[in-house]
Novice: 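Structure below; questions to follow.
These values consider heavy atoms only, across backbone and side chains, with no hydrogens, waters or symmetry-generated copies.
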Amino acid sequence: MASPEVETHAVAGDEQQTDSLVSQKREARLRKFRELHFKRNEARKQNHQEVVEEDKRLKLPSNWEAKKARLEWELAENEKKKECAARGEDYNRVKLLEITADDAERWERKKKKKNPDTGFAGYAEAQFRQYQRLTRQIRPDLESYEKLREDSGEDFYPTSNSLIHGTHVPTKDGIDRMVEDVEKQIEKRAKYSRRRAYNDDADIDYINERNAKFNKKAERFYGKYTAEIKQNLERGTAV
């Protein structure tokens, strides 16, 4: 029969083992709870980020993806041009080497379908072609855009209560581009203008505008042969 001291030690050992198991289970539960708490916080952050990104996407224009792809393509093209310039190569020749015959034929067909210039058909059509030409020349400056947005603050997105009229100051480069474009327009207008200056001192030998044009054509082709007869008629000495 075991002594009371041995039984006491055995009971104490069982209690210590039981307490150790309870403590381990409690630690495991607390560790699981901390993991669940951490995962919940991570999920909350990710959900908030997704909501913010979705809100940004909804505020963007409908064609933002196409514009973004176009800008990325233009940046890649500029990088290729710089690389070709550094190597002393002609970028257009290098680019043509990468174009297949099928792509070239497809682009030619697409170019023919795209609003061919059939000449002057009306002021509205001419103004629309001018607008398209000017918009194709626009090259976005993202650095200036970001700087302007930082400087303007909330006024960068004006509302009905915003008073920003007259506060914009164009850059010197922008003014130079505008002046250069206006000078090109004036030069082109001077070349293609069909209006002729009217000379008040010229002899009137026509009865209407159509007859005046016919007389000018006749003078241009046969004037050197009829100059003497015309002079005799004016002097009154014709036979």
Side-chain angles (χ1 to χ4, degrees), residues 9-87 91 94-95 98-100 102-103 106-107 110 113-114 128 131-175 177-178:
H9 284 296
V11 171
D14 293 339
E15 290 179 353
Q16 289 179 358
Q17 187 176 4
T18 302
D19 292 341
S20 177
L21 292 174
V22 171
S23 177
Q24 291 177 0
K25 290 181 179 180
R26 184 169 61 250
E27 289 294 332
R29 291 195 186 99
L30 290 175
R31 185 167 56 254
K32 186 67 173 178
F33 177 76
R34 284 192 296 268
E35 292 177 356
L36 292 174
H37 186 70
F38 176 76
K39 290 180 179 179
R40 186 187 67 175
N41 290 336
E42 287 295 322
R44 184 184 300 169
K45 291 180 181 179
Q46 292 178 0
N47 289 337
H48 179 70
Q49 291 176 356
E50 289 294 331
V51 170
V52 172
E53 292 296 329
E54 184 178 3
D55 184 63
K56 289 182 179 179
R57 288 194 298 268
L58 292 176
K59 290 181 179 179
L60 292 173
S62 58
N63 59 344
W64 167 250
E65 293 296 333
K67 286 185 177 180
K68 183 180 179 181
R70 177 70 180 180
L71 291 175
E72 291 176 352
W73 177 81
E74 289 182 355
L75 290 175
E77 288 290 300
N78 292 333
E79 290 295 329
K80 290 181 181 178
K81 288 181 180 179
K82 292 180 181 178
E83 292 176 0
C84 291
R87 295 195 300 264
Y91 171 74
V94 174
K95 185 177 180 180
E98 300 176 356
I99 297 176
T100 62
D102 295 334
D103 292 338
R106 185 175 66 253
W107 288 342
K110 186 176 180 181
K113 294 180 181 178
K114 187 186 297 182
F128 180 67
Y131 170 77
Q132 287 185 321
R133 185 182 67 82
L134 294 176
T135 52
R136 283 196 297 268
Q137 293 178 359
I138 295 176
R139 295 292 180 267
D141 189 353
L142 299 180
E143 294 182 0
S144 300
Y145 173 82
E146 293 294 339
K147 185 177 183 302
L148 180 61
R149 185 168 66 175
E150 293 177 359
D151 296 340
S152 301
E154 296 180 355
D155 292 336
F156 189 77
Y157 303 99
T159 62
S160 58
N161 298 324
S162 300
L163 297 175
I164 59 175
H165 178 70
T167 59
H168 174 68
V169 179
T171 61
K172 185 179 182 300
D173 294 337
I175 296 175
R177 285 196 303 270
M178 183 191 68

Novice: Within this structure, what is the CD-NE2 distance for the pair Glu53 and His48, rounded to the nearest 0.5 Å?
Specialist: 10.0 Å
Novice: Could you walk me through whether Glu146 and Arg149 pass salt bridge (charged side-chain N to carboxylate O under 4.0 Å, His left out), step by step?
Specialist: CA-CA 5 Å; Glu146 293 294 339; Arg149 185 168 66 175; 2.7 Å; yes
Novice: Rounded to the nearest 0.5 Å, what separates atom NZ in Lys25 from atom CD in Glu27?
Specialist: 14.0 Å
Novice: Can you tell whether the side chains of Asp102 and Arg106 come within less than 4.0 Å, N to carboxylate O?
Specialist: no
Novice: How long is the gap from CD on Gln132 to CG on Leu134, to the nearest 0.5 Å?
Specialist: 10.5 Å
Novice: Any donor-acceptor pair under 3.5 Å linking the side-chain atoms of His37 with those of Arg40?
Specialist: yes
Novice: Please tell me if the side chains of Lys147 and Asp151 come closer than 4.5 Å, counting only heavy atoms from C-beta onward.
Specialist: yes
Novice: Within a 6.0 Å radius of atom CZ on Arg87, are there more than 12 heavy atoms belonging to other residues, nucleotides or ligands?
Specialist: yes
Novice: OG1/Thr171 to CZ/Arg177 distance, rounded to the nearest 0.5 angstrom?
Specialist: 6.0 Å
Novice: Rounded to the nearest 0.5 Å, what's the gap from CD on Glu35 to CG on Leu30? Could you check?
Specialist: 11.5 Å
Novice: Mind checking the NZ-CD spacing from Lys68 to Glu72? Nearest 0.5 Å is all I need.
Specialist: 5.5 Å
